[in-house]
Amino acid sequence: MTYYDIIFYLFALITIVSAVIVVTTKNIVYSAYSLLLTLFGISGIYVLLGADFLAVVQIMIYVGGILILLLFGVMLTNKITSVDIRTGTVHLLPAAIGVGLLLGVLWAIMVWTNWKTEPNEIPITTTRTLGNLLITDYVLIFELLAVLLLVALIGAASIARREEEENIE
């Protein structure tokens, strides 16, 4: 077992354990922090697979933007941390049957598929290649997307401001 394998299993363990905590905990703040660890674990696996650009995008968008916004929303909302979430119905037997069937199908696919194997080498980074493509070949599409995002941002700010002015009157 190499260091690469040990680091992969460490990231996989972090991801799986924190994902289980996200699903099973009843406190929404603990769930949000566990989701943070899950997203970091997934981005670590992306780095190990050679998708470093995807890992950086994952951290910037999901961790830096959406999850921090979610945490601020939870923290600033009154009494949301003590909300008792109850569904009233528990369907353990159908859920166990469904999970068992899904695991059986996945196990069968893993065992009976002729997987294509490649020599084990550490992949090279993709960030430089993607950056060059965005600046040279796809610069027009990149700029159009930037303008589209700017228009959406201005529209959202305009709608939010209009509702705020209506509430004041």
Checklist outcome for this item: Of all heavy-atom pairs linking S43 and A55, the shortest is O-CB, 3.3 Å
Checklist entry - Within a strict 4.5 Å, meaning less than it, do heavy atoms of the L140 and L144 side chains meet? => result yes
Checklist outcome for this item: Distance col, row F8:CZ vs L48:CG, nearest 0.5 angstrom, shows 7.5 Å
Next on the checklist: I need the single residue from V111, I109, V105 that forms a side-chain contact (heavy atoms from CB on, under 4.5 Å) with W107. Which is it?
Outcome noted: V111
Checklist entry - Any side-chain heavy atom of V63 sitting closer than 4.5 Å to one from F40? => result yes
Checklist outcome for this item: Taken to the nearest 0.5 Å, the spacing of L106 CG from L101 CG works out to 11.0 Å
Checklist entry - Does L133 share a hydrophobic cluster with V139, counting links as ILVMFWY side-chain heavy atoms below 4.5 Å and allowing steps through other members? => result no
Item to check | L37 side, atom CG; I42 side, atom CD1 - distance, nearest 0.5 Å | outcome: 11.0 Å
Next on the checklist: If I take atom OG1 from residue T2 and atom OH from residue Y4, how far apart are they, to the nearest 0.5 angstrom?
Outcome noted: 8.5 Å
Item to check | Same cluster (ILVMFWY, side-chain, under 4.5 Å), I59 and I66 | outcome: yes
Next on the checklist: Within this structure, what is the CG-CE distance for the pair L103 and M110, rounded to the nearest 0.5 Å?
Outcome noted: 10.0 Å
Item to check | Working for side chain to side chain contact (heavy atoms under 4.5 Å, CB included), residues Y62 and L67 | outcome: CA-CA 6 Å; Y62 287 106; L67 195 58; over 6 Å; no
Checklist outcome for this item: Closest non-hydrogen atoms of I45 and F11, given as atom of the first, atom of the second and distance, are CG1-CB, 3.7 Å
Checklist entry - Out of curiosity, S34 OG to N27 CG, how far, rounded to the nearest 0.5 Å? => result 9.5 Å
Checklist entry - Can you get from L49 to I6 by hopping between Ile, Leu, Val, Met, Phe, Trp and Tyr side chains that sit under 4.5 Å apart? => result yes
Next on the checklist: Could you see if I61 belongs to whatever hydrophobic cluster contains L35? Use Ile, Leu, Val, Met, Phe, Trp, Tyr and a side-chain cutoff under 4.5 Å.
Outcome noted: yes
Item to check | S18 and T38: side chain donor to acceptor below 3.5 Å | outcome: yes
Item to check | Exam field: side chain T25 to backbone V22, donor-acceptor pair closer than 3.5 Å | outcome: no
Checklist entry - Out of curiosity, does F53 fall in the hydrophobic cluster containing F142 (side-chain heavy atoms, cut-off under 4.5 Å, transitive links)? => result no
Checklist entry - Heavy-atom distance under 4.5 Å between the side chains of M1 and Y9, does that happen here? => result yes
